[in-house]
Amino acid sequence: MEMSCAYTQCSCFTTWKEQTSSSRPLSAAQFPAMPQINVKKLNCNRKLRRLPTVALAQKTDTSTSNEDNSNVVLNEKSAKGSGTSARGRRLLKVREEKRKRDYDNKHNYPAWAKVLEDACRNDSELKAVLGDSIGNPELMRKKVEERVRQKGRSFQKSKSGSVVAFKVSFRDFNPLDSYIWFELYGSPSDRDVDLLGSIIQSWYVMGRLGAFNSSNLQLGNSSMEYDPLYDEDKGFKVMPSSFHDISDVEFQDNWGRVWVDLGTADFFSIDVLLNCLTVLSSEYLGIQQVVFGGRRMGDWEDGMTSPEYGFKSFKI
């Protein structure tokens with residue numbers, strides 16, 4: 001028999017428990033009169049005691065809901081504000097460019113750029129040439145073109161001459177007004193232009209100072225077994241012989257030319273020039289042929305002086 005906790009604490013229940021524990025039979029007189037319990041009132045009191053807790057919970061839920069709603073409103077306002085601000089627009093633009101770049105790299109990345117990236121892993125010089133352009137095909141192409149333009153196509157060879165001797169021909173050559181043409185094996189780099197231009201410049205300076213004067217060749221046929229004699233008076237009184245004028249050295253694709261006026265210099269100055277060009281061609285810069293005279297060689301076009309079309313020059 002189960003009873004509520006309030007009833008077990010009653011004095012009547014205690015008396016009944018003590019008497020029932022004995023073996024004597026119980027009678028109605030042994031129990032005092034039990035007070036009447038109003039069950040409805042008890043249940044009502046219990047409900048009243050629970051009301052503050054429920055109200056507090058409802059209030060907490062309401063305040064939490066209000067805070068959540070306010071946070072949502074604030075977040076919407078801040079998101080709306082950031083989207084219309086200058087910083088937000090810049091961030092959106094950067095993200096869009098990055099997304100487009102990633103898409104292009106994934107779907108439209110050139111095969112040659114991928115080959116260069118793989119080669120950089122084992123080639124430190126190529127990696128230094130590309131620098132921070134790795135991942136940007138257009139910038140990689142410009143870096144490589146700049147490297148080829150400045151130092152040629154070879155990354156390792158210090159000499160790029162030809163084992164075949166170049167051809168020499170004359171076409172109505174006038175020593176006072178003619179071009180000297182040089183046909184190379186390919187378009188020259190800046191290094192090649194400087195090298196060939198420096199030789200022509202040195203040759204002109206020597207000719208301008210009278211170096212090519214056959215009237216004063218006192219030691220040309222002398223023997224060096226004994227101390228030779230040099231007549232300085234004869235060398236001083238000899239007729240001067242020097243170059244008169246020269247133009248800049250110009251290049252279009254694989255052709256180069258220079259205009260010369262040899263003046264009173266002797267023709268053996270041409271032998272001196274050819275001797276220099278022979279060593280240049282075999283050791284450093286391959287030359288196919290040298291032509292003395294002529295107005296137009298190969299695909300040369302007068303007046304085309306734009307570097308975009310392969311034009312280069314060396315200032316004398």
Side-chain angles (χ1 to χ4, degrees), residues 110-113 115-116 119 125-126 128-131 133 136-173 177-204 245-261 273-274 276-316:
W112 59 264
V115 172
L116 283 181
E125 186 173 359
L126 178 60
V129 171
L130 296 179
S133 66
N136 188 338
E138 185 64 22
L139 188 56
M140 291 170 65
R141 182 183 63 81
K142 292 181 180 180
K143 292 272 188 180
V144 173
E145 288 180 351
E146 181 69 15
R147 167 62 173 78
V148 172
R149 187 181 68 83
Q150 290 181 352
K151 298 186 178 181
R153 297 180 180 274
S154 176
F155 280 78
Q156 298 178 349
K157 292 176 60 179
S158 59
K159 296 183 179 181
S160 57
S162 173
V163 296
V164 181
F166 59 80
K167 298 179 181 179
V168 180
S169 60
F170 291 83
R171 299 186 180 183
D172 299 328
F173 179 65
D177 182 15
S178 289
Y179 282 103
I180 302 177
W181 299 84
F182 314 95
E183 184 182 8
L184 309 178
Y185 284 97
S187 299
S189 63
D190 289 355
R191 169 183 171 273
D192 298 333
V193 171
D194 293 340
L195 188 58
L196 183 55
S198 298
I199 292 175
I200 300 299
Q201 186 181 49
S202 301
W203 177 67
Y204 171 72
D245 202 0
I246 194 172
S247 69
D248 296 337
V249 186
E250 301 174 330
F251 294 89
Q252 286 185 13
D253 293 331
N254 65 321
W255 279 96
R257 73 176 186 179
V258 58
W259 177 86
V260 294
D261 178 1
L273 175 62
L274 291 175
C276 293
L277 295 179
T278 299
V279 178
L280 172 68
S281 177
S282 63
E283 296 292 332
Y284 302 100
L285 176 60
I287 300 175
Q288 292 194 60
Q289 64 172 325
V290 178
V291 181
F292 292 85
R295 290 293 177 182
R296 187 172 181 271
M297 301 296 296
D299 296 330
W300 192 276
E301 294 184 10
D302 290 330
M304 189 182 71
T305 59
S306 175
E308 297 180 357
Y309 298 101
F311 177 83
K312 298 178 180 180
S313 63
F314 181 88
K315 186 73 174 178
I316 300 293

Under the side-chain contact (heavy atoms from CB on, under 4.5 Å) rule, what do Q288 and F166 come out as? Steps first, then yes or no, please.
CA-CA 5 Å; Q288 292 194 60; F166 59 80; 5.8 Å; no

Heavy-atom pair of closest approach, residues [X] and [Y]:
| X | Y | result |
| --- | --- | --- |
| R257 | R295 | NH1-O, 4.2 Å |
| V164 | Y185 | CB-OH, 4.3 Å |
| K143 | V129 | CD-O, 3.6 Å |
| L195 | Y284 | CD2-CB, 3.7 Å |
| K315 | Q201 | O-NE2, 3.9 Å |
| T278 | L274 | OG1-O, 2.7 Å |

Tell me whether [X] contacts the main-chain N or O of [Y] through its side chain, where contact means a donor paired with an acceptor under 3.5 Å.
| X | Y | result |
| --- | --- | --- |
| S247 | W259 | yes |
| D261 | D177 | no |
| K312 | P188 | yes |
| S281 | I287 | yes |
| Q289 | V168 | no |

Gap between atom [atom2] of [Y] and atom [atom1] of [X] - 0.5 Å precision:
| X | Y | atom1 | atom2 | answer |
| --- | --- | --- | --- | --- |
| Y179 | R296 | OH | CZ | 13.0 Å |
| F173 | I180 | CZ | CD1 | 5.0 Å |
| N254 | F182 | CG | CZ | 13.5 Å |
| L280 | I199 | CG | CD1 | 4.0 Å |
| L273 | W203 | CG | CH2 | 5.0 Å |
| W181 | S169 | CH2 | OG | 12.0 Å |

Salt bridge or not between E138 and R141? Use side-chain N to carboxylate O under 4.0 Å.
yes

Using the rule given for side-chain contact (heavy atoms from CB on, under 4.5 Å), can you reason through Q252 versus M304, listing the C-alpha separation, both sets of side-chain angles and the distance that settles it, and then say yes or no?
CA-CA 8 Å; Q252 286 185 13; M304 189 182 71; 3.4 Å; yes

Should L130 and V144 be marked as a side-chain contact (heavy atoms from CB on, under 4.5 Å) after you check the CA-CA gap, both sets of side-chain angles, and the distance that decides it?
CA-CA 7 Å; L130 296 179; V144 173; 3.7 Å; yes

S187 and F251: side-chain contact (heavy atoms from CB on, under 4.5 Å), yes or no, with the steps?
CA-CA 8 Å; S187 299; F251 294 89; over 6 Å; no

Any chance CG of D194 has more than 12 other-residue heavy atoms, nucleotides or ligands included, within less than 6.0 Å?
yes

Side chains of S133 and N136, donor plus acceptor under 3.5 Å
no

Taking atom types as modelled and ignoring hydrogens, do the side chains of W300 and D253 form a donor-acceptor contact shorter than 3.5 angstrom?
no

Any side-chain heavy atom of I316 within less than 4.5 Å of one from V258?
no

